[in-house]
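What follows is one structure encoded as structure tokens, with my remarks underneath.
We name chains A, B, ... by the order of the sequence lines, and we start the count at 1 in each one. Computed from a prediction, not measured in an experiment: that's the story for all the values here.
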Amino acid sequence: MTFEDVFQKLQEKFPKGILGKEDTKPDPFIKVAPEEIHAVILAMRDVLHFETLGCLSGVDYPATPALCVVYHLVSYTHKMVVPLKVTLPREPGVGVRSICDIYKAANWLERETWDLVGIHFEGHPDLRRILCPEDWVGHPLRKDYVTPDYYNGMPVPLYFDDTAGSESKKEGHA
Amino acid sequence: MESIREHLADAPENLKTDELLINMGPQHPSTHGVLRVIIKTDGEIVKEAIPEVGYLHRCFEKHSENVDYMGVEPYVDRLDYLASMNNAMGWAIAVEKMLGAEVPRRAEYIRVIVSELQRIGSHLMAYGTYGLDMGAFTAFMYGFRDREMILDIFESLSGARLLYNYMWIGGVARDITPDQVQKIKDFVAYFKPKIDEYNDLVTYNKIFIERTKNIGILDLETCFSYGLTGVMLRGAGFKWDLRKDLPYSIYPEVDFEVPVASGEMGTLGDCWDRHIVRMHEMKQSLRIIEQLIDGIPTGPYRGKVGKVVKPPVGEHFSRTECPRGELAFYIVSDGSGKPYRVRCKSPCFLNISTLDEITRGVMVADLVATIGSLDIVLGEVDR
């Protein structure tokens, strides 16, 4: 089975849910409507033998503006990976239906995407921050995220600031 | 025994047994790093074990967006710091695929030899620390003694002992010398009989078998649902190895087997099964090195990749077989010198997420055995 076969089968089954494909190089992807993503992934697992969720990522496109969720579904039967992409408006509180009930791997991956990109997953059993501290403000992988100067009153070191190095030299730490 | 029962029967009514909430970690010898597990126990029985991660989080993905593609390379080493070479190879392969860059044959040989050595080193660490979890201190010493030799080889290759920055996009950083080739040959000759010795010492030890069989069972369905890869999958009896099934680099040219577990000591997919898969994998890695070490072709060790790596606009999802499972990189390029978005799916992150499901109803000591058999590296879980 090739990427084209998967695309055609999905298009027959979900004429409204599949919005098209994009031949990006080197990996093409399938565009899916946000409201149909749960059904599409369920069909991918049960009918097309995509046994595993390989990866779930959030990508921020402030220029479009859009937020994307990318699902990489892995099939051991067909030895292939198919990326599905959902495009969401770039607004606060925007979300997509959780697929925790299909793949349990999605539980932590969705928590991570919520934590770092700030995409809400509706129906997730435990949508908390996972990598950042629970009192962290903002979502670091948003393109407009500004690294805070202070965290709980503690100064955050600026890694790319050359002046910080010269200051420490002045103080005799270097 | 009877007397204790009688004694308990006389116990006052206000003697209650409550469920207890216990923190295991973040500083705990058997959590293999800064992992915190919140355990709800009823006596010695684990009712719930919730892993809390993130103590080593430094946002690798955000960092990658701020440096160029070559600049990510040393940072990738720091994900799984016990298998830096494999990680770095994964990143290099992902970017090379986007660039369409060719890697010279000599570099491919060196890469595969080095990453298989690293796989042995990583499995030795897993073997040693797992022994330590079970109270077998000798195994730890043996494992570290031999891993040291691999680190020595890597030190002469790259100048560093843990974080090498050796695999570069388009090839490797430094050429391998005949002297180093001899060192690797010596190591292979030395290490070959050791695996059986370790199996005698730990794997087939009665106490070790009793501690690890029939617990922490990861069946195939759980593995698929949780997206587990690598040793977990092969430990559940599923024959899948990216090096064999979707081969990259020069793996199609070498002859090796994919070891799978068979539930020899108890249930298929238990802790012992995962351990034995690691032990067999070390043998196969030695086989791969033996086949390649004498035939390293002459030629350049680095391909023609420009100083500024600029992949064309596009996206790529790349997977490579690391000692702990499949490390995946999803790279989105906007055509500039810096990656637009880098997503790293680490195998350990999903491995540890199963902990709650597979340890309900076991003893606290078995929880330690299960965490050990998952062989997590927190640098990779937290990224």
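Of the inter-residue distances, the one linking A/L53 atom CG with B/S225 atom OG reads 9.5 Å to the nearest 0.5 angstrom. Atom NZ of A/K79 sits about 6.5 Å away from atom CG of B/L246, to the nearest 0.5 Å. We find the CD1-CG distance between B/I50 and A/D126 to be 8.0 Å, quoted to the nearest 0.5 Å. A distance of 11.0 Å separates NZ in B/K345 from OG in A/S57, rounded to the nearest 0.5 Å.
Contact of the B/E65 side chain with the A/K143 side chain is registered, since non-hydrogen atoms from C-beta on lie closer than 4.5 Å. A heavy-atom distance below 4.5 Å is found between the side chains of B/F349 and A/I130. When side chains are defined from C-beta on, B/H316 does not count as touching A/T24, because their heavy atoms never get closer than 4.5 Å. Using a 4.5 Å heavy-atom threshold, the side chains of A/P83 and B/F317 count as separate. Side-chain contact between B/H57 and A/L116: present, with at least one pair of heavy atoms (C-beta onward) separated by less than 4.5 Å. Looking at heavy atoms from C-beta onward, B/F238 lies in side-chain contact with A/Y76 at the 4.5 angstrom threshold. A 4.5 Å side-chain heavy-atom check between A/V74 and B/R319 finds at least one atom pair inside the cut-off.
Heavy-atom distances place no part of B/I331 under 4.5 Å from chain A, backbone and side chain included. Neither the backbone nor the side chain of B/L242 comes within contact range of chain A; no heavy atoms are under 4.5 Å apart. With a 4.5 angstrom heavy-atom cutoff, A/R142 touches chain B only via backbone atoms. Proximity to chain B (any heavy atom under 4.5 Å) is restricted, for A/D60, to the backbone atoms N, CA, C and O. In this structure, no portion of B/E221 lies under 4.5 Å from any heavy atom of chain A. Residue B/V332 touches chain A through its side chain alone, counting heavy-atom pairs closer than 4.5 Å. Contact annotation for A/V81: only side-chain heavy atoms (C-beta onward) come within less than 4.5 Å of a heavy atom of chain B. Of the atoms belonging to B/P51, heavy atoms from both backbone and side chain fall under 4.5 Å from chain A. For A/F29, the part sitting under 4.5 Å from any heavy atom of chain B is the side chain, from C-beta outward, and nothing else. Interface residue A/T52: backbone and side-chain heavy atoms are both found under 4.5 Å from chain B.
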Report task. Any chance you could lay out the side chain to side chain contact (heavy atoms under 4.5 Å, CB included) test for B/V53 and A/W108, step after step, and finish with the verdict? Result -> CA-CA 11 Å; B/V53 300; A/W108 278 33; 4.0 Å; yes

**Report entry** Candidate pair B/E315 and A/D27, rule side chain to side chain contact (heavy atoms under 4.5 Å, CB included), full reasoning
**Finding:** CA-CA 6 Å; B/E315 39 193 77; A/D27 298 350; 5.5 Å; no

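Ring planes of B/Y340 and A/Y61: parallel class, angle under 30° (limits at 30 and 60°).
Chain B forms more heavy-atom pairs under 4.5 Å with one residue of A/I102, A/N107, A/V59, A/D115 than with any other, namely A/V59. Between chain A and the residues B/E326, B/M98, B/K62, the largest count of heavy-atom pairs under 4.5 Å involves B/K62. For the set A/M80, A/H72, A/K25, A/E51, the entry with the most heavy-atom pairs within less than 4.5 Å of chain B is A/H72.
The environment of NZ in B/K244 is crowded: more than 12 heavy-atom neighbours from other residues, nucleotides or ligands sit within 6.0 Å. With a 6.0 Å radius and a threshold of 12 heavy atoms from other residues, nucleotides or ligands, B/K97 has its NZ atom at or below the threshold.
Listed here is the closest heavy atom pair of A/L131 and B/V381: CD2-O, 4.1 Å. Heavy atoms only, all atoms of each residue included: A/A105 and B/G227 are closest at CB-N, 3.9 Å.
Although no hydrogens or angles enter the test, the distance criterion places a donor-acceptor pair under 3.5 Å between the side chain of B/R343 and the main chain of A/L56. The backbone N or O of B/C223 sits nowhere less than 3.5 Å from a side-chain atom of A/K104 that would complete a donor-acceptor pair.
Ion pairing between a basic and an acidic side chain is recognised when a charged N comes within 4.0 Å of a carboxylate O; A/E112 and B/R383 show such pairing.
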